[in-house]
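See structure below.
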Amino acid sequence: MEQPNDPQQQPQPELAKGYEHREVEARWYKRWKERGYFHGDEHDRSRPAFSIVLPPPNVTGSLHLGHALTATLQDILIRWKRLSGFNTMWLPGTDHAGIATQMVVEKELKRTEKKSRHDLGREEFLKRVWAWKEQYGSRIGQQHEALGACLDWERERFTMDEGLSRAVREVFVRLHEEGLIYREKKLINWCTDCRTALSDLEVEHEEGHAGELWSFAYPLVTPIGGLTEIVVATTRPETMLGDTAIAVHPDDARYTALVGRKVRHPLTGREIPVVADAILVDAAFGTGAVKVTPAHDFNDFEVGRRHGLEFLTVIGFDGKMTAAAGPVAGLDRFEARAEVKRLLAEQGLERGSKPNPMALGRCQRSQTILEPLLSDQWYVKIAPLAQPAIEAVEQGRTRFVPEQWTNTYMAWMRNIHDWCISRQLWWGHQIPAWYCPDGHVTVARETPGACSTCGTATLRQDEDVLDTWFSSGLWPFSTMGWPDRTETLRTFYPTSVMETGHDIIFFWVARMMMMGIHFMGEVPFKTVYLHPMVRDSKGQKMSKTKGNVIDPLLVTEKHGADALRFTLAALTAQGRDIKLADERIEGYRAFANKLWNASRFALMNLEGHLDAGGDPRLAARTPADLWILARLQRAVNETVEALEAFRFNDAANTVYHFVWHELCDWYIELSKEALYGDDAGKKAAAQAVLVHCLKSSYLLLHPFMPFITEELWGVLRARVGAAAWPDSIMEGRYPAVGPVDEAAEQAFTPILGIIDALRNIRGEMGIAFKVALGQATPVHVAVADPATHALLLAGESRRVARLTNVENLQLHLAVATPRVPQSAVGVGNGFEVRVPLAGVIDVGAETARIDKELARVDADLEGIEKKLSNPNFVARAPAEVVEKDRARAEELRSTRQKLTNHRAVMQGSDQPQEEQTMETNNPNANQAPTPSQPVGERVEQAAAAVVEAARDAVHAVQAQASELERKAGPAIAQARKDVKQAVAKARKGVKSAVAKARKAVKKATRKGGTKVAKKGAARKAVKKVAKKAATRAKAVKKAVKKVVRKAKKK
RNA sequence: GGGCGGAUAGCUCAGGGGUAGAGCGGCGCCUUUACAAGGCGCGGGUCGCAGGUUCGAAACCUGCUCCGCCCACCA
């Protein structure tokens, strides 16, 4: 199978019996790539461009299902657009992921060589990271290939490429020149574990941490007016070593006299001023006095600036207390906390404590509790960049899908703080700033020869690197060759869609917006589609620590890339996370198989067919052909509409439904009449329609399932003659949206209804027409509409017969079928079917079936009549709604009448009703031996068990409910909850007991090899009791509700 | 503290002012010559709770409960 697209070498068109994804998927990717299908042509502006930049995965490791989702959705868009005539370009790459990668390599280094990065030194360590990057970067590529992602590999980039590094330096220098990058000493979030500063975004807030609000007293240096101390409360006692003020509210009468006075630090003896600050202090909280630690708390830092306080650092970058911490110097910050409390208690200054749930800031990477520390860092002044990014969205130049994310984006953008971009790491873009011995800073694109201020030649480059997101923020244009003005940029910037997870909307999307607008003068993408998060089948977030991370490669191997892709797409609804379950993938693998076999069917029935490339509708003759073509058009329209709105699930489901349930379940079965028949014209038409539907299905499905569709395309193309088909499906054209032939759809609907009605009787009666009736007994079909009657006469009745296995079908142009005693009747809109079943059917069973149907009709009718008898409805509802309901009521009444008549005929029959005709006449029953005694006993036993279990469940509900009724008075809320739970539990209990017993009954019955009446009896008993249980549970619940409501009113 | 989602069949979810749906699972029948990874049929629902708007609410509004997520410097 080297050249399946070459008709010369094409082997037998017969396909393997089942679809083998491994064999097929392995074959195509390389060929696509070689033929250059993935490459976007920057010189081609004759076609509209459609471009996406792939969110670059971290080089830290391999792809997970989130990446698979990203790749799948983007590939769907790209392939769809390519088939729709766009010049598509999808740019791949990877991110160096500063902290993450450095940590992984450090860990590895420690594990294998027991060395730290400092043991190796910067240069050697970076070599190791590069080696790591080479290894994992290529694995990521393989994973994308396995998924079938048609990435433009010629344009692959890495955030630390030479080109991208140049862009980074360019951006840094320009922003610095514009005064939008500055260096300053202020409080930052410091991770004592990663030993670096972090941006606000890298802080994870842990809610509800069990903290303690601990109070102690600061003694006044000079007691005043009977006051000897000020009591303050803190969640971090160890920071009191760095206190340089006590703050009170200026309007707080209790402390007015103290403002300007001093307290003595109990552990260091320092004198500390009391200041008045209206911003920091809430007089009503605690004692109304706050200790101020400007060097270790963000609020206090501001107070320190406002009041010109001393900034005393008592915690170091290693998380240990500094020398300034006096008695606790050298201790870890948490040890120091205990020690400080002990020391203060010793001095009798402890003033109590209380539990205080609080939010803790942790490092996104290491989960270490962060420490606000004072240090020199580089910042991006963000407000001037944020404003245009806000306006771009306000003006709709970039829109978010789903829309709700607009608010999230806006809220964040409007409250944005300056961005700390320096990191104390080695892996990353080193900051292009140099210092001379005098401390002057030179910022330059290339290593400068001398200090720009004083001319000194001895320069030392800043050792820090930039935040990873600084370089990824440039991704949409840095990857296209910026700062050069390339053709690629001209053709493909702005990109069409940014497709990524909503978890990085701030980290990445917002920054790309700011940078793109600032440096390109244009938004980086027109649409931001934010996909849901992928979770495991239990809804848990996938994480390495939980061990529930799934490697997409394993899934691809097991079920096929097409199945995985389709599953992901089918589950991608807007606004809800994806819970991935294996069974679901299994189901879509079956779908691939279905498509395969439909194609196999076609291949087996294309004898004499030549696709001249003409419109199959011209050749189509039968109503079934026209019907499926109309359905196809409808599916095409819906699919395209869904894709345009990024409703991936709707698009996938539409195609799925069309292919499986319309093309396969209906049309293929219908077409057999023509394909197997003698009418050459009809046969040719059916062949053409079948080929057209399959070809269209391949194209519709190709974005979702690229491999199997390409394979089948090639096979079918070879079979029908290659003239009208491009060599590869990737060169095909996506089916075009167009008007649906509704007349064709409607004309055929009665035929489908007749088949349904007959199948319904067949199923309900548990008989096979062919066997039960044979040639002798006619099945009657009456249609009132002459057009439909003509259709049936013209040959459609043979399709009906084929699909229902009826041998003798008798047509009547009439409202009703002839009244045949002991027959089953089915009625629908404009038709009636009647199956004579004398000697076959159990009259009771048919009566029961009719009753069931009557009940359904009655219920519908009752509802609708009630509505129509309401004068308000008739007066105020739109006329068309009323009219529709009237018509439906009429239809229901007619159906009802027919069924009632039929029932009367049934009942009035003088045939003996209890005659066991089924036993004697049913062919299955012929082989059935009379049940032996033991089997019958077992069945009975099983049935009894069911009844008992169900009864028990009912009793349990009742007992619980009465207990709850008593409780309802005093504890309404709880009682209600309990009732709900009890009822639910009981119902479940009944259900499972019944299910279990049913199985037992079934097993026992099967062993006897018979279908004795006892089985039916047992089952009836089960149903009865189960129903009773449910009913009683409901009744009880209602009663309780009433009680509760009454109690509530009081 | 602020914000955003979600609650619909046993499970996973779609829908959305006018007849409550799909897939999976369950039950029954069918080894029919594309496919048993299949076909046909059946059963299964106080659409979270309470109010309101409306001729009509599962849908819209208000409040509540529970479950997720995001943002936030209150000692």
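Here is the naming used below: chain letters follow the sequence lines, and residue numbers restart at 1 for every chain. Just so you know, these numbers come straight off a predicted model, no measurement behind them.
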When rounded to the nearest Å, what value does the distance between [atom1] atoms of [N] and [M] take?
N     : M     : atom1 : result
B/U31 : B/U19 : P     : 40 Å
B/A57 : B/G51 : P     : 13 Å
B/G39 : B/G17 : C1'   : 39 Å

Neighbours of RNA chain B within residues 279-288 of chain A, by heavy-atom distance under 4.0 Å: A/L280, A/V281, A/D282, A/F285
Contiguous pairing runs of three or more, Watson-Crick or G-U under 3.5 Å, that involve RNA chain B: B:1-7 with B:65-71, B:10-13 with B:21-24, B:26-30 with B:38-42, B:48-52 with B:60-64
Partner residues of A/R351 under the salt bridge (charged side-chain N to carboxylate O under 4.0 Å, His left out) criterion, sequence neighbours left out: A/E229
Residue A/A590, side-chain atoms from C-beta onward, closest of B/A75, B/C55, B/G38: B/G38
Donor on one side chain, acceptor on other, A/S869 and A/K867, under 3.5 Å: no
Residues A/H657 and A/N653: side-chain donor-acceptor under 3.5 angstrom: no
Contact class for [X] vs. all strands (heavy atom < 4.0 Å): base, sugar-phosphate, or nothing?
X      : value
A/A877 : base
A/H559 : nothing
A/D756 : sugar-phosphate
A/R762 : sugar-phosphate

Can you give me the N/O atom pairs linking the protein to nucleotides 32-36 of chain B at distances under 3.5 Å, or say none if there are none?
unit_1, atom_1, unit_2, atom_2, d
B/A34, OP2, A/Y676, OH, 3.1
B/A34, O3', A/R600, NH1, 3.1
B/A34, O2', A/N597, OD1, 2.7
B/A34, O2', A/R600, NH1, 2.7
B/A34, N6, A/C664, O, 3.3
B/A34, N6, A/E669, OE2, 3.1
B/A34, N3, A/N597, O, 3.1
B/A34, N3, A/A598, N, 3.3
B/C35, O4', A/N597, OD1, 2.9
B/C35, O4', A/N597, ND2, 3.4
B/C35, O2', A/N593, ND2, 3.2
B/C35, O2', A/N597, ND2, 3.4
B/C35, O2, A/K594, NZ, 2.8
B/C35, N3, A/K594, NZ, 2.8

Shorter than 3.5 Å, N or O on both sides, protein versus nucleotides 68-72 of chain B: list them out with atom names.
unit_1, atom_1, unit_2, atom_2, d
B/A72, N6, A/E207, OE1, 3.1

Set of residues satisfying ring pair (Phe, Tyr, Trp, His ring centres under 6.0 Å) with respect to A/Y255, sequence neighbours excluded: none
